[in-house]
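Notes for the one structure printed next.
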Amino acid sequence: MLGLAKQTAEKFEAKFGYAPTGVWSAPGRVNIIGEHTDYNEGFVLPIAINRATYAAIALREDNVARVASTFTDEVIELNIDQLGEATGWAAYPLGVAHILRASKGFDLFIDSDVPVGAGLSSSAAIECAVALGLDELLGLGNDRRALASIGQRAENEVVGAPTGIMDQSASLLGKVDHAVFLDCQSLAVENVELGFAAAGLELVVIDTRVAHRLNDGGYATRRAACEAASAAFKVPSLRHLSVKDLDDGRELVDGVTYRRAHHVVTENDRVLEFVAALKLGDFSRCGALMVQSHASMRDDFEISIDELDTAVETSMRHGALGARMTGGGFGGAAIALCPIEKISDLTNSVYAEFELLGYAKPEIFTVNAADGASRLI
Ligand code: ADP
Ligand code: MG
């Protein structure tokens, strides 16, 4: 980690001709369970992962903001009054500066080992690294929860992706070997111990390499369906409905809207059950809940794709206790909770199945629950 932070500082210096004041890093995240529940004021259970984005930053004496990334050779330069107009990849870091109302110019260099568009939230990682760093340099004093909502607002208002608060919360509030159990209504957070390693288990990520696009429509229409269901049931959000309420009022919504709401309402229950099972060390129950969660996203919410279904089914045939797609859907990654001694069989079987079906070769790796964002240099 420190190695990558030093490299980021060096790349900053090579680009801008002087050393940065500091380097901040923020991890990507994997959501263990609780998908599309965040913007319904429900429950989520992500972890911060041991892959992060690094932001090397220095304030300037003028009102110019410059940002560069290992992504591309271009340096994006804007006046600080124009930060809200940033587009493309620069909308993530400069959008954060805009929401923070940066009152001084700055130079910023971004490097990352979070795979992009894989559902591991490279977007929250970049937002949170920049938010933490700029907040400190500008002396703004926002706490981590405030910074999480600043990252979310940058993504909603400047990037234009209507995502919830989960990713930024995981990136800022994660803890080694713990999940971030977040109530998206009260914003109460509990770090729940995972104990996977002690139980001989690991989380395997199967990145299908099918890039999802959250500002492409699928995510927004799901969100709209959830809002339509809440309006029909006259509740502020789906958080307030039980499965029984939903069934009793089934005629209030059309079949598709019912299924969308059914996913969210049952998924909230699964998160609570998962947390209870974790506390008992009942990992087979955890696995079963992951599989139910996947089926709900495939059948009720309809956000899975063939590659994700194949990753989940193959993992389950080769030793996983549970597996599910993770992230917003329409691509990205699946995760499998797997006994360590079965990981190589699972990995080889998924490669083979993908090849047989003519899918692009997936990227398969394990992740650990890591600490949230911090200053490294
Ligand atoms: P995910 O969060 O699942 O990785 P998103 O589509 O939400 O996918 O966010 C990915 C986008 O975030 C990229 O297309 C890019 O615009 C921006 N981004 C992420 N990491 C970097 C980086 N290291 N440098 C520049 N832009 C980045
Ligand atoms: Mg994202």
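Just so you know, ligand 1 is whichever comes first in the structure, and atom 1 is the first atom listed for that ligand. Remember, predicted model here, so these are calculated numbers, not experimental data. For reference, positions follow the sequence shown, starting with 1. Below, each value reflects all heavy atoms present in this structure, side chains not excepted, and no hydrogens, waters or symmetry copies.
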Per-residue contact class, Val116 against ligand 1 - non-hydrogen pairs under 4.0 Å: both
Contact partition for Phe71 relative to ligand 1, non-hydrogen atoms under 4.0 Å: side chain
Over 12 non-hydrogen atoms of neighbours within 6.0 angstrom of CD in Glu355: no
Sub-3.5 Å N/O-N/O distance, Ser122 and ligand 1: yes
Thr53 to ligand 1, any heavy atom closer than 4.0 Å: no
Whether over 12 other heavy atoms sit under 6.0 Å from Arg317 CZ: yes
4.0 Å heavy-atom contact, Ser121 with ligand 1: yes
Test log, rule ring-ring contact (aromatic ring centres under 6.0 Å, His included), inputs Tyr39 and Tyr219: CA-CA 11 Å; Tyr39 56 81; Tyr219 189 98; 5.6 Å; yes
Atoms of ligand 1, numbered as shown, that sit under 4.0 Å from any heavy atom of Ser69: 22 (C), 24 (N), 25 (C)
Those atoms of ligand 1 less than 4.0 Å from some heavy atom in Ile110: 22 (C), 23 (N), 24 (N)
Metal check, the Mg ion (ligand 2) vs Ser123 N/O/S, cut-off below 2.8 Å: yes
Ring pair (Phe, Tyr, Trp, His ring centres under 6.0 Å) contacts in which one or both residues fall within residues 93-120, not counting sequence neighbours: none
Nearest neighbour of atom 23 (N) of ligand 1 from the list Ala90, Gly88, Ser112, on a heavy-atom basis: Ser112
Distance-only N or O hit between ligand 1 and Ser123, under 3.5 Å: yes
N or O contact, Asp111 vs ligand 1, cut-off under 3.5 Å: no
Distance under 6.0 Å and angle within 45° of ring axis: Arg51 vs Phe365: yes
Lys104: salt bridge (charged side-chain N to carboxylate O under 4.0 Å, His left out) partners, not counting sequence neighbours: none
Identified side chain to side chain contact (heavy atoms under 4.5 Å, CB included) partner of Phe181 from the options Ile32, Leu272, Asn191: Leu272
Glu61 atom CD: more than 12 heavy-atom contacts under 6.0 Å: no
